[in-house]
Amino acid sequence: MKYFKFLDNKNIINVYSILIFIISSYFIFLNLINESGYWYDEWCTLLTSDPNADLKTIFDRHSGNSDKPYENVPIIYYLVLRFFFNIFGYTSENGRLFSFLFLIFSSLTFYFLLQLFVEKKESLFATSIFFSTPLIIWMSNETRVDLFLVFFVLLNILVFFLTVKFDRIDLKILLLTLNVITLSIYPLTLSIIFSQILFLLVQKYLNKSKNSLIIFLTILSVILYFLFNFEYFLERTLNRDYHYAKLNLNFFLLYYFNVFFGSVFFGLIFFILFIFLIFHKIKLLVKDELLLFCSISIFLTYLMVILSSIFITPIAAPRYIIFIIPIILIFIFKCVLNLKIKNFFFLFLFCISIINISTNYDNRHIKKPYTVQALKLIKEKSYYNLLTLPKSVLFQNYISTISDIEFFKLFSNFEDIKDNNLKKFAILCLYKPRYAGDENQNDYEYCNQNYLGFEIYEVIEIPDYKIIFFNKLNE
């Protein structure tokens with residue numbers, strides 16, 4: 001044991017935290033400078049958050065119209081993102097920035113939540129583990145609701161425990177408001193709100209806690225949510241159309257830990273640790289407030305996935321319950337703190353986190369399109385007149401929001417090119433995108449058209465795109 005005396009150093013956990021933050025920040029920066037493109041879901045986010053469109057158009061797009069399909073996510077996220085675009089500029093890069101900012105906000109909220117129950121240095125270490133979680137990092141580089149959602153769930157839990165601890169009327173009103181807002185952002189957070197109710201009932205039974213008003217307000221928040229969102233709830237949640245997020249047997253193997261933590265290997269490590277701690281600290285689960293709440297939340301969330309997917313609508317997808325990741329990590333960390341050899345587990349978590357983020361920082365199942373790289377390639381060949389295909393509003397809008405598009409004169413149809421009497425132009429054609437999974441069924445004929453008066457000079461294929469360079473025929 002003398003070889004491990006450094007583990008007893010009280011400041012070693014701060015060193016772990018700093019190193020994890022530095023290394024994770026480096027890989028997040030790599031993701032940002034790699035300038036990965038948007039895929040279909042993000043095109044939809046951009047169009048639904050367009051600050052140049054009036055609110056009626058935004059609501060029409062959110063409900064689904066000729067421009068795009070309907071959004072399962074309620075409109076609050078899109079309206080906030082639209083406000084952000086209106087202030088800082090309507091670019092795809094700013095969409096990513098919005099998600100990254102909510103990674104920072106989520107990490108800060110995670111830290112302050114844990115600080116209610118543990119020392120500052122321990123809370124900082126746990127926050128660094130959260131900050132380095134692969135799925136959290138992946139989603140910080142996507143213009144989707146996920147990190148926005150994670151922040152509000154963590155803020156909700158923080159205010160909930162502050163309300164329980166201080167029993168102030170202003171906190172109770174704030175909790176009621178936050179519950180309604182959180183549910184309105186993402187209805188699947190019902191599992192978190194029901195966890196509050198069940199937690200309070202258990203506390204009332206075991207400890208004779210006087211929390212009847214908080215229970216009432218929490219139940220009231222659910223009722224108010226359904227009253228304010230009744231139409232949305234019926235239209236979306238009860239939709240039984242085809243959905244990719246159907247429940248299958250793979251769900252019961254690792255319960256998405258393999259996706260949460262970047263790979264099957266690291267997911268298995270965290271899953272085994274999670275199960276071990278459940279059985280090892282089973283008596284502590286009822287005594288420790290934070291562990292009790294986390295246990296209830298995790299159980300109810302997975303139960304919700306199973307029951308909803310079988311009886312209501314399929315929701316068996318990791319991203320749909322991404323908000324459970326920080327709760328799982330809090331559970332693991334709080335249990336580890338009660339182990340006699342906790343310092344060894346801190347070292348273990350440090351090593352696992354460093355290796356995990358280093359190998360899985362961009363280990364998505366499907367890689368992002370190389371849109372910006374394609375534009376740079378076209379620019380290098382000095383072709384500044386650009387026709388983009390397909391002509392869908394979603395794709396055309398996305399291309400128009402990329403900052404590098406300012407170097408090009410953008411066209412959406414060939415007739416405009418003819419009218420401008422141009423000598424050469426390039427086509428950026430979406431071609432067999434990996435996210436679509438239809439490369440063997442779709443010939444993408446719009447990428448193989450001839451244009452009268454022009455000849456093909458060069459064709460370059462990169463993942464997700466075909467770039468075709470045209471020169472005008474000599475007359």
Side-chain angles (χ1 to χ4, degrees), residues 38-51 53 55 57-65 67-85 92 94-103 105-106 135-136 138-156 178-193 225-226 228-246 256 259 301 304-305 308-309 312-325 394 397-398 435:
Y38 274 37
W39 43 30
Y40 186 83
D41 284 358
E42 294 174 284
W43 301 350
C44 293
T45 299
L46 274 178
L47 195 63
T48 312
S49 308
D50 184 357
L55 284 176
T57 302
I58 294 298
F59 277 88
D60 286 343
R61 288 173 177 173
H62 180 265
S63 300
N65 58 17
D67 294 337
K68 59 177 290 298
Y70 72 80
E71 294 286 348
N72 281 309
V73 175
I75 201 167
I76 289 179
Y77 164 72
Y78 302 97
L79 294 178
V80 175
L81 179 58
R82 180 175 180 266
F83 178 74
F84 182 84
F85 281 142
S92 59
N94 280 341
R96 296 276 170 81
L97 176 61
F98 184 80
S99 294
F100 174 73
L101 288 175
F102 276 93
L103 169 62
F105 298 155
S106 298
L135 186 59
I136 295 295
W138 299 346
M139 299 317 300
S140 71
N141 196 35
E142 285 195 21
T143 309
R144 293 299 282 170
V145 71
D146 302 75
L147 268 299
F148 185 75
L149 164 67
V150 169
F151 165 72
F152 273 95
V153 168
L154 285 170
L155 181 64
N156 182 282
L178 262 177
N179 279 352
V180 175
I181 292 173
T182 304
L183 285 168
S184 298
I185 290 171
Y186 207 72
L188 298 187
T189 52
L190 269 171
S191 63
I192 302 301
I193 311 304
Y225 161 70
F226 281 111
F228 294 150
N229 298 274
F230 183 72
E231 184 178 345
Y232 170 86
F233 183 76
L234 285 180
E235 184 180 355
R236 300 293 195 269
T237 310
L238 299 181
N239 187 346
R240 294 291 292 178
D241 291 342
Y242 170 79
H243 201 286
Y244 80 94
K246 291 185 177 180
Y256 299 142
V259 180
T301 299
M304 175 186 66
V305 170
S308 177
S309 296
I312 305 176
T313 191
I315 57 171
R319 280 182 50 197
Y320 288 4
I321 56 169
I322 190 173
F323 57 85
I324 205 66
I325 293 177
L394 277 172
N397 179 71
Y398 161 55
Y435 66 81

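This chain uses plain numbering: 1 for the first residue, then up along the sequence.
The nearest pair of heavy atoms linking D50 to I58 is O-CD1, 3.5 Å. Across T143 and G95, no two heavy atoms sit closer than the pair OG1-C, 3.2 Å. Annotation for P51 and F85: closest pair CG-CB, 3.8 Å, computed over non-hydrogen atoms. P314 and Y320 get closest at one heavy-atom pair: O-CE2, 4.3 Å. Taking each heavy atom of S106 and L154 in turn, the nearest pair found is O-CD1, 3.4 Å. For the residue pair W138 and V259, the shortest heavy atom distance occurs at CZ3-O, 4.1 Å.
Looking at R319, its side chain never comes within 3.5 Å of a backbone N or O of M139 through a donor-acceptor pair. No donor-acceptor pair under 3.5 Å is formed between the side chain of S49 and the backbone N or O of L81. The main-chain N or O of A316 is found under 3.5 Å from a side-chain atom of Y256 such that the two form a donor-acceptor pair. Looking at S308, its side chain does come within 3.5 Å of a backbone N or O of T313 through a donor-acceptor pair. A side-chain donor-acceptor contact under 3.5 Å links Y38 to the backbone of S92.
Atom OG1 of T182 and atom CG of L190 lie 11.0 Å apart (nearest 0.5 Å). For the atom pair OG1 of T48 and CG of N397, the computed distance is 9.5 Å after rounding to the nearest 0.5 Å. Between the OG1 atom of T189 and the CG atom of N179 there is a distance of 8.5 Å, given to the nearest 0.5 Å. Interatomic distance, OG1 of T45 versus CD of E142, reported as 9.0 Å (0.5 Å rounding). Separating the CG atom in L101 from the CG atom in L147 is a distance of 10.0 Å, to the nearest 0.5 Å. A distance of 6.5 Å separates CD1 in I321 from CZ in F323, rounded to the nearest 0.5 Å.
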*Which is it for D146 and L149 under the side-chain contact (heavy atoms from CB on, under 4.5 Å) test, yes or no, and what are the steps along the way?*
CA-CA 5 Å; D146 302 75; L149 164 67; 5.7 Å; no

*Check the pair I322 / I136 against side-chain contact (heavy atoms from CB on, under 4.5 Å), numbers first and verdict last.*
CA-CA 8 Å; I322 190 173; I136 295 295; 4.2 Å; yes

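When each of F100, Y78, F98, F102 is tested with F84 by the rule ring pair (Phe, Tyr, Trp, His ring centres under 6.0 Å), just one qualifies, namely F98. With L47 as the fixed residue, the side chain to side chain contact (heavy atoms under 4.5 Å, CB included) test singles out one of E71, R61, E42, H62: R61.
Side-chain contact check for I315 versus L188: some heavy-atom pair is nearer than 4.5 Å. Side-chain contact between L97 and N94 is present, with at least one heavy-atom pair separated by less than 4.5 Å. When side chains are defined from C-beta on, V150 does not count as touching I325, because their heavy atoms never get closer than 4.5 Å. F152 has its side chain out of reach of Y186: every pair of non-hydrogen atoms, C-beta onward, lies at least 4.5 Å apart. Counting only heavy atoms from C-beta outward, the side chains of P69 and Y40 approach each other to under 4.5 Å.
No side-chain donor-acceptor contact under 3.5 Å links R144 and S99.
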